[in-house]
Each structure stands twice: as C-alpha cells, then as structure tokens.
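Remarks on the structure that follows.
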Amino acid sequence: MAQDTNRRLKIIAGADSFGCALKDTLVNHLRSLNIDVEDLGTDKYYSVGEEIGRRVSSAATTNTTTETRGLVACGTGVGVSIFANKFPGVYAATCLTAGEAQNSRSINNSNVLAVSGMSTSPDSAIEILNTWLNTPFKSPCPASDSKPWPPEIDSFLENSVREMSTVGISKSISDSKPCAICSLTKNREFAAIDEMPGASMQIVRETPTTAFVRFKAGSVEPAHHHTFGHDVVVVTGKKKVWNLSKGEEYDLAAGDFLFTPAGDVHRVKYWEDTEFYIKWEGLWDILMDEDFSAAHSAIDKETNLVG
C-alpha cells in the first residue's frame with residue numbers, strides 16, 4: 001500500500017444521500033483491508049466535504065504518527081471535492097476511473113478521494129479506491145505514459161508539495177500590501193476636538209478640509225450642522241447617524257460611505273471605537289443645535305434604552 005510505512009493509515013469517510021450507498025461499499029472494503037476508518041455518515045454534500053476537508057487539513061499539521069486521508073462521495077463526486085479543497089493541505093480529486101486515481105496520486109499527492117454515486121458502479125469504485133491507495137506520489141502513471149517522470153518533472157513535483165501546502169494559509173497583515181488610507185494616519189498626531197468629548201482629529205488638508213477623525217465607543221455627537229456638505233468613509237468601527245433634517249437614519253460600518261449636505265442637522269452615536277475619513281466641500285466648522293443632555297435623551301429614546 002502506498003503510504004509512509006512508519007505511519008498508520010486512517011481514512012475519514014462521508015457522503016450525501018446520492019453517494020451514501022457507494023460510500024458504504026467502499027468503507028466495508030477498507031475495513032476488510034484492516035484500514036482504520038472513521039465513517040461520518042450522511043449529510044449535505046457541502047457539509048460532508050467541509051468536515052472531512054477540515055479534519056484532513058488539521059491532521060496534516062498535528063498528527064505525526066498517522067497518515068489521515070479522506071473518502072467522500074456525492075452524486076457526481078464534484079461537489080464534495082470542491083468543499084473539501086477549501087482547506088490548506090487538502091488535495092481532493094474526483095476520480096471516475098482508475099487511471100484518474102493513479103494520476104491524482106502521482107502528480108497531485110491526492111489525500112482525499114471523491115467518487116460519484118450516480119456514475120460509478122461498486123466494482124469500478126473499488127478498483128479506483130485500490131489504485132488510489134496503492135499509488136505512490138511521483139510514481140509512473142497514465143500521464144507519464146506509465147514511465148518514470150523525467151528528472152526535471154520529478155524535481156518539480158517534489159518541490160510542489162512544499163509550495164502547495166502554503167496555498168490557502170492567510171498571510172499576516174505585515175506581509176500584505178499596506179492599506180493606503182491607514183498609512184496616511186500612521187505616526188501622525190490626532191488633536192482632541194474640544195466641542196466633542198471622546199473625539200480627536202488629524203487634518204490632512206486645510207482647504208477644502210480633509211481629515212481623519214476618531215471617536216471612542218459610547219461617544220455622542222449632539223445635533224449639529226456644517227456650513228459645507230461632507231463625505232464620510234468609515235475605516236473601522238460602527239456608528240449610527242440620524243439626519244434630522246431629512247428624517248433618515250444610517251447604520252455605518254467599515255467601508256460604508258455617507259454624504260451629508262450643507263446645513264443638514266444630524267446626530268451621531270458611536271457603538272465601537274471608530275475612525276473615519278471625512279472631506280468637507282469647504283472649510284471645516286461645527287454649529288451646535290442641541291446640548292449633550294438632550295442628545296443622550298433623544299438617542300436613548302430612539303434605541304429603546306429608556307421608557
């Protein structure tokens with residue numbers, strides 16, 4: 001059997017209703033070979049594919065004494081393989097013939113076999129499974145004309161295992177291209193806004209005024225208006241804006257945009273620590289239309305916190 005002889009082989013199996021009969025046949029065959037099988041039974045094809053993909057992926061990084069592979073079945077064998085393949089280190093292959101199974105092991109080091117309950121007979125499925133179990137990685141296969149791979153391809157296949165294992169693993173933010181908007185605020189000073197407790201602002205451009213503004217969670221902007229209209233793009237956090245002039249309200253989160261016309265009276269509540277980019281159509285100013293006590297009372301009433 002094509003496996004690491006120093007590691008015990010375990011197969012995790014599962015199927016949807018279209019593949020369950022074939023899966024049961026293959027599980028019985030595996031057990032007749034004294035292979036350890038964990039049968040997860042029957043579920044929706046995407047649930048089965050996901051669960052087996054997750055388990056095979058986890059075992060690949062945590063279990064050094066057991067080689068864990070997967071066996072999945074659905075109507076076509078395609079759906080289960082799609083969802084199993086969403087996890088790093090999982091190489092699920094849908095195989096309708098023994099030749100395809102041989103190719104998948106030789107070329108792709110497949111560790112999850114997907115079979116079709118509607119297109120594959122039990123005898124053919126057993127042949128496919130046996131071939132998949134007994135074919136070593138990089139061995140001769142139909143794709144190599146049943147000959148050993150040339151040295152350059154053999155080398156490529158050997159290196160591919162290391163490179164494939166990193167596909168699907170999220171890179172840290174530090175490895176990614178930095179956010180252009182966030183870079184503008186890095187290492188810059190934010191000045192407190194006297195009129196708004198819990199708020200600070202970093203002006204990027206004076207005319208028309210463009211700035212980044214931060215509010216602490218729980219902060220409130222009492223009803224106010226500006227001489228000029230302004231665009232807002234939320235970078236992080238959540239807030240709610242009540243446009244009292246229009247009788248409208250907006251729930252804003254990261255990535256959301258809102259334009260408030262000149263003179264529109266609006267009130268704001270910050271549910272989380274929030275940062276946003278704001279650009280006025282002219283010079284920045286703020287004209288208060290209510291005090292903080294009135295603002296808190298109005299917001300409490302709106303959000304059913306009192307009364």
Side-chain angles (χ1 to χ4, degrees), residues 1-3 7-63 66-135 137 141-143 164-165 167-170:
M1 188 168 296
Q3 69 179 91
R7 302 171 71 199
R8 181 172 64 92
L9 178 63
K10 176 180 179 179
I11 303 290
I12 303 175
D16 73 355
S17 58
F18 291 99
C20 62
L22 188 62
K23 181 267 299 178
D24 290 344
T25 296
L26 296 180
V27 165
N28 289 334
H29 177 69
L30 288 168
R31 286 174 173 158
S32 74
L33 299 175
N34 294 318
I35 294 175
D36 181 15
V37 181
E38 181 179 358
D39 188 354
L40 302 185
T42 305
D43 203 344
K44 297 179 286 290
Y45 74 88
Y46 45 85
S47 299
V48 167
E50 177 192 16
E51 183 61 24
I52 291 180
R54 189 192 315 280
R55 294 193 185 203
V56 171
S57 176
S58 176
T61 58
T62 61
N63 196 325
T66 301
E67 180 187 358
T68 300
R69 298 191 200 175
L71 170 65
V72 287
C74 66
T76 64
V78 175
V80 281
S81 69
I82 288 174
F83 288 91
N85 275 325
K86 289 185 177 292
F87 297 87
V90 173
Y91 317 121
T94 301
C95 300
L96 302 181
T97 67
E100 290 176 351
Q102 198 172 6
N103 285 338
S104 77
R105 286 287 303 148
S106 172
I107 301 168
N108 310 115
N109 200 26
S110 167
N111 54 8
V112 175
L113 174 64
V115 293
S116 166
M118 296 192 302
S119 302
T120 307
S121 68
D123 288 344
S124 294
I126 289 172
E127 181 187 7
I128 290 168
L129 177 59
N130 285 339
T131 301
W132 185 76
L133 290 171
N134 294 315
T135 300
F137 178 51
C141 64
M164 289 191 304
S165 66
V167 174
I169 299 176
S170 299

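Atom set for the values below is all heavy atoms of this structure, side chains included, hydrogens, waters and symmetry mates excluded.
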- Query: Got a donor-acceptor contact below 3.5 angstrom from the Ser116 side chain to the Gly75 backbone?
  - Reply: yes
In short, Gly70 meets Val56 closest at the heavy-atom pair N-CG2, 3.9 Å
Check whether any side-chain heavy atom of Thr97 lies under 4.5 Å from a side-chain heavy atom of Cys95, and answer yes or no.
no
All heavy atoms of Ile128 vs all of Ala98, minimum pair found to be CG1-N, 3.7 Å
- Query: Do Arg8 side-chain atoms and Thr66 backbone N/O form a donor-acceptor pair below 3.5 Å?
  - Reply: no
Notebook entry, point to check: If we only count heavy atoms from C-beta on, is the Asn130 to Leu33 side-chain gap below 4.5 Å?
Noted result: yes
In terms of heavy-atom contacts, Asn103 and Ala143 come closest through OD1-N, 3.0 Å
d(Phe87 CZ, Arg55 CZ) to nearest 0.5 Å is 11.5 Å
Rounding to 0.5 Å, atoms CD (Glu100) and CZ (Arg105) come to a distance of 15.5 Å
I'd like to know if Glu38 and Lys10 make a salt bridge, using a cut-off of under 4.0 Å between side-chain N and carboxylate O.
yes
Looking only at heavy atoms, the pair that brings Ala13 and Ile52 closest together is C-CD1, 3.5 Å
task: Would you indicate whether the side-chain heavy atoms of Ile12 and Leu40 approach each other to under 4.5 Å?
output: yes
* Using a 4.5 Å cut-off on heavy atoms from C-beta on, say whether the side chain of Ile35 contacts that of Leu133. => yes
In this structure, SG of Cys20 is separated from CG of Asp43 (nearest 0.5 Å) by 11.5 Å
Ignoring hydrogens and angles, write down the donor-acceptor pairs under 3.5 Å from the side chains of residues 77-85, residues two or more places apart or on other chains.
unit_1	atom_1	unit_2	atom_2	d
Ser81	OG	Gly77	O	3.4
Ser81	OG	Val78	O	2.7
Ser81	OG	Thr94	OG1	3.1
Asn85	OD1	Ala92	N	2.8
Asn85	ND2	Ser81	O	3.2
Asn85	ND2	Ala92	O	3.1

To the nearest 0.5 Å, atom CD1 of Ile11 lies from atom CG of Leu26 at 10.5 Å
Does some side-chain heavy atom of Trp132 sit less than 4.5 Å from a side-chain heavy atom of Gln102? no
Does Val90 offer a backbone N or O that forms a donor-acceptor pair with the side chain of Asn111 under 3.5 Å? no
Thinking salt bridges, do Arg31 and Asp36 make one under a 4.0 Å N-O criterion?
no
One should read off an interatomic distance between Leu22 CG and Leu71 CG, to the nearest 0.5 angstrom, of 8.0 Å
Rounded to the nearest 0.5 angstrom, the CG-OG1 distance for Asp123 and Thr25 is 9.5 Å
*side chain to side chain contact (heavy atoms under 4.5 Å, CB included) evaluation trace for Asp39 with Lys23*: CA-CA 9 Å; Asp39 188 354; Lys23 181 267 299 178; 2.9 Å; yes
Report task. Would you sort out whether Thr76 and Cys74 count as a side chain to side chain contact (heavy atoms under 4.5 Å, CB included), showing the intermediate values? Result -> CA-CA 6 Å; Thr76 64; Cys74 66; 4.2 Å; yes
**Asked** Hey, does Val112 have a side-chain heavy atom less than 4.5 Å from the side chain of Arg69?
**Response** no
Checklist line | Heavy-atom side-chain contact between Leu113 and Val72 under 4.5 Å | finding: no
Just by distance, do the side chain of Thr131 and the backbone of Ala101 share a donor-acceptor pair under 3.5 Å?
no
Exercise. Would you find a donor on one side and an acceptor on the other, under 3.5 Å apart, between the side chain of Asp16 and the backbone of Phe18?
Worked result: yes
